[in-house]
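Just so we're on the same page: letters track the sequence lines, and every chain starts at 1. Quick caveat: nothing in here was measured; it's all calculated off a predicted structure.
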Amino acid sequence: MNYWLMKSEPTTFSIEMLERSPNQTAPWDGVRNYQARNFMKQMQINDLAFFYHSSCKVPGIVGLMRVSKLAYPDFTALDPKNCHYDPKSTPEKPIWEMVDVQFVEKFSEITPLKILQLEIHLNDMPLVRKGNRLSIMPVSPLQWQTMMNLTERNK
DNA sequence: GCCAACGTTGGC
DNA sequence: GCCAACGTTGGC
């Protein structure tokens with residue numbers, strides 16, 4: 001099993017919205033970055049991922065989700081009316097993919113980026129590097145445990 | 001709202 | 001294939 005971290009702007013899609021979704025499951029659509037897409041293609045069913053809120057007052061980790069469907073074409077890229085529409089992507093040759101994720105847990109408190117930045121074991125994560133824009137990234141078992149310990153401390 | 005960082009685009 | 005211009009991300 002693999003671990004991941006996935007960013008979303010909470011005004012666009014928050015962990016609360018995921019929790020309220022039918023079957024607490026939703027597609028992770030709208031990714032338009034090749035590196036992030038390639039990570040989604042590597043995901044396996046039941047892989048766990050941190051849900052990260054970005055571009056908000058306190059950015060940080062807010063909960064857990066699991067991968068419930070393997071990568072498949074992102075329909076928002078094929079819909080001209082969608083804001084993520086990409087004319088280069090066609091039903092025959094879709095460029096962009098997404099996975100489905102299912103809500104697992106919302107932490108009692110956010111674990112802020114500021115706290116994550118202090119952890120030496122997380123120094124190598126793109127997440128804590130200045131100017132980082134990668135929205136989906138792998139998390140090593142050590143990094144996962146380090147971050148989980150921080151969320152435990154919040155309880 | 002600002003701006004640094006970085007990915008993408010397109011002219012050459 | 002280079003690289004300048006542009007657009008977007010995302011912390012602050």
**Message:** Going by the rule ring-ring contact (aromatic ring centres under 6.0 Å, His included), which residues pair with A:Y3 if we only count those two or more places apart in sequence or in a different chain?
**Reply:** A:W144

**Message:** One character per nucleotide, please: for nucleotides 7-12 of chain C, 5' to 3', B when the base has a protein heavy atom closer than 4.0 Å, S when only the sugar-phosphate does, - otherwise.
**Reply:** BBBBSS

**Request:** Determine which pairs satisfy salt bridge (Lys or Arg N to Asp or Glu O under 4.0 Å) with at least one residue from residues 41-57 of chain A, sequence neighbours left out, and list them in order.
**Result:** A:K41-A:E97

**Message:** Quick one, A:R32 with A:D74, criterion salt bridge (Lys or Arg N to Asp or Glu O under 4.0 Å). Give me CA distance, side-chain angles, the key distance, then yes/no.
**Reply:** CA-CA 10 Å; A:R32 297 293 179 268; A:D74 183 338; 3.0 Å; yes

**Message:** Out of the candidates A:E105, A:M148, A:M1, only one should pair with A:L48 under the side-chain contact (heavy atoms from CB on, under 4.5 Å) rule; please name it.
**Reply:** A:M1

**Asked** Can you check side chain to side chain donor-acceptor pair (under 3.5 Å) on A:W96 and A:D86, steps first, answer last?
**Response** CA-CA 9 Å; A:W96 303 111; A:D86 183 351; 2.7 Å; yes

